[in-house]
Amino acid sequence: MRCIFLGPPGAGKGTQAAILAAEWQVPHISTGDMFRVMATAETPLAQEIRGYQSRGELVPDHLTIQVVRQRLEQGDVHKGWILDGFPRTVPQADALDNLLSDLGQAGDWVVYFELPEDILKARLLGRGRPDDTPEVIETRLQVYQSQTAPLIDFYNHQGKLVKVQADAPVEIVTAHLRALTPA
Ligand code: AMP
């Protein structure tokens, strides 16, 4: 199972990815989590990453793609993976297509987590992460609309997009995902 979880911040991608990765026994690859770990170092790069995250901006594509390339070259990916929060821009999606063809892999599904913006904002405000302040949330939602939402059409054209209604209780969304993506 090779699956991309696409959708706005606060849609529940991380929660569902953790549940299904354990169930399918595949790695849960979250670029947000990877960057949060990288940001803890005392290096200029870590400081740069902290800056993007705290402002709600995207880490530049070249760096993001490099991090994902290194991750997908590790041995545990042969059984599949769930990519959570990557790709987030069209150049990232193009790079992923190339990377996967280099690695002799292909993504099976792109699941689009759909939910209304007022619910997203309420969820993000309730989460309490350092980048979940009202101003930063606003930036992240704008960045999502301008940079990431175009990927819905990108993957729809590839015939890989499936949609899940994400404004439902966690167990219901998990059940929908199981049904959409038979392992
Ligand atoms: P997330 O946990 O997925 O909401 O990501 C938190 C933050 O990490 C984002 O606001 C970005 O600063 C950074 N980030 C995560 N994934 C990506 C990505 N694919 N491209 C660029 N920046 C990312």
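Read the numbers this way: they start at 1 and go in the same order the structure lists the ligands and their atoms.
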So if I count the atoms of ligand 1 from 1 in the order they appear, which ones are less than 4.0 Å from some heavy atom of Arg129?
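This gives 1 (P), 2 (O), 4 (O), 6 (C) as the contact atoms.
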
Students should be able to answer this: which protein heavy-atom is nearest to [atom], and at what distance?
{"atom": "atom 23 (C) of ligand 1", "answer": "Phe35 CE1, 3.8 Å"}
{"atom": "atom 16 (N) of ligand 1", "answer": "Thr31 OG1, 2.8 Å"}
{"atom": "atom 3 (O) of ligand 1", "answer": "Arg88 NH1, 3.0 Å"}
{"atom": "atom 19 (N) of ligand 1", "answer": "Gly85 O, 2.9 Å"}

Test log, rule side chain to side chain donor-acceptor pair (under 3.5 Å), inputs Thr139 and Glu57:
CA-CA 7 Å; Thr139 307; Glu57 295 165 8; over 6 Å; no

Return yes when Arg36 approaches ligand 1 closer than 4.0 angstrom through a heavy atom, no otherwise.
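Yes, Arg36 has a heavy atom closer than 4.0 Å to ligand 1.
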
Met34 to ligand 1, any heavy atom closer than 4.0 Å
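It does not; every heavy atom stays at 4.0 Å or beyond.
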
Taking atom NZ as the centre, does Lys163 end up with more than 12 heavy-atom neighbours from other residues, nucleotides or ligands that are less than 6.0 angstrom away?
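Count not over threshold, so no.
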
Hey, does [X] come in under 3.5 Å of ligand 1, counting only N/O atoms on both sides?
{"X": "Gln53", "result": "yes"}
{"X": "Pro9", "result": "no"}
{"X": "Val59", "result": "yes"}

Just by distance, do the side chain of [X] and the backbone of [Y] share a donor-acceptor pair under 3.5 Å?
{"X": "Arg88", "Y": "Gly85", "result": "yes"}
{"X": "Arg140", "Y": "Asp131", "result": "yes"}
{"X": "Lys79", "Y": "Gln25", "result": "yes"}

On a heavy-atom basis, which atom in Pro27 and which in Ala21 lie closest, and how many Å separate them?
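Taking Pro27 first and Ala21 second, the nearest heavy atoms are C-CB, 4.3 Å.
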
Atom of Pro116, atom of Asp167 and distance for their closest heavy-atom approach
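Where Pro116 meets Asp167 most closely, the heavy atoms are CD-OD2, 3.6 Å.
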
Gln147, Arg50, Glu57: member with heavy atom nearest to atom 12 (O) of ligand 1:
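Residue with the shortest heavy-atom distance to the ligand atom: Glu57.
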
Measuring from atom 20 (N) of ligand 1, which candidate in Arg140, Gln92, Lys13 has the nearest non-hydrogen atom?
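It is Gln92 whose heavy atom sits nearest to atom 20 (N) of ligand 1.
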
Hey, is Arg55 touching ligand 1 through its side chain, its backbone, both or neither, going by heavy atoms under 4.0 Å?
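Neither part.
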
Between Thr64 and ligand 1, which residue portion shows a heavy-atom distance shorter than 4.0 Å: side chain, backbone, both, or neither?
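The answer is the side chain of Thr64.
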
Let me see the working for Gln92 and Asp61 under side chain to side chain donor-acceptor pair (under 3.5 Å), right down to the final yes or no.
CA-CA 6 Å; Gln92 289 181 16; Asp61 284 337; 2.9 Å; yes

Between Gln16 and Asp84, is there a side-chain donor-acceptor contact under 3.5 Å, judged purely by atom types and distance?
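Their side chains do not contain a donor-acceptor pair, so the 3.5 Å distance test is not met.
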
